[in-house]
Structure formats: C-alpha cells, structure tokens
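Read through the structure below, which is laid out as structure tokens, and then see the notes.
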Amino acid sequence: MNNNPGLTLKRLREDKHLTMRDLMALCGVDSSTISRMENGHLENTELRHVRSVCQALEIDIETLFTKSIHTCPTCNGKGWIIGEGGGDG
C-alpha cells in the first residue's frame with residue numbers, strides 16, 4: 001500500500017492511458033511540473049496547478065490525498081487498486 005499523492009496521481013494518469021504530454025495538453029500545466037508532482041514534490045507546487053491536473057483527471061483534490069495505491073494481487077505486479085486511504089488494505 002502507498003499513501004503517496006504523487007504516486008496516486010501517476011497511477012490515475014496511467015489508468016486513463018495518458019502520457020505527461022497528454023495531461024499537459026488537457027490541463028495546461030507544464031510536463032516538468034506534472035513530473036515533480038508525480039515524484040512527490042507537491043509542497044512546492046502552486047495550488048492552481050494541482051487543481052488543474054485533478055480537474056483534467058476528473059478527481060477532486062481530496063481524492064488525491066485520501067486514496068491509496070495497492071498492488072493488484074492478481075495482476076502479476078502490473079496493476080494496482082485505488083482504494084480508500086488510511087487502512088491496511
């Protein structure tokens with residue numbers, strides 16, 4: 001399980017089959033900013049950028065910080081399950 005919002009962001013983007021460039025086109029946020037966000041550097045990111053990325057991914061900001069990523073046990077390490085945060089699975 002991972003409660004990292006950056007990883008959650010990346011997994012949500014990948015789940016929609018979007019590249020960083022695709023997401024940049026949808027939300028108007030530079031791909032280097034998206035990369036920093038996905039690498040967990042949200043503390044130095046402007047709130048308007050976080051909002052724009054979340055809107056493009058069709059999630060609320062709260063979702064980004066309350067969801068957790070679990071490795072899918074039946075996907076041979078190639079998938080994940082997005083669930084509620086704060087639990088053990």
Rounded distance (nearest 0.5 Å) linking atom CD of Q55 with atom CG of D60: 11.0 Å
Spatial distance of atom CG (D22) from atom CZ (R13) [nearest 0.5 Å]: 8.5 Å
If you take all heavy atoms of [X] and [Y], which pair is closest and at what distance?
| X | Y | value |
| --- | --- | --- |
| M20 | E38 | CE-OE1, 3.3 Å |
| C27 | S52 | CB-O, 3.4 Å |
| G40 | N4 | CA-OD1, 4.3 Å |
| L64 | P5 | CD1-O, 3.3 Å |
| S31 | M24 | N-SD, 3.4 Å |
| H41 | T45 | O-OG1, 3.0 Å |

Side-chain donor/acceptor of D30 to backbone N/O of S32, under 3.5 Å: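 Between the backbone of S32 and the side chain of D30 there is a qualifying donor-acceptor contact (under 3.5 Å).
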Any donor-acceptor N/O pair, D15 side chain to L12 backbone, under 3.5 Å: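 No: the side chain of D15 does not pair with the backbone of L12.
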Donor-acceptor pair between R36 and T33 side chains, under 3.5 angstrom: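 Yes, T33 and R36 have a side-chain donor paired with an acceptor closer than 3.5 Å.
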pair E14-R11: side-chain heavy atoms closer than 4.5 Å: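 E14 vs R11: side chains touch.
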Contact check, side chains of L57 and L18, non-hydrogen atoms, under 4.5 Å: yes
Steps toward side chain to side chain contact (heavy atoms under 4.5 Å, CB included) verdict (V50, L9): CA-CA 10 Å; V50 177; L9 181 66; over 6 Å; no
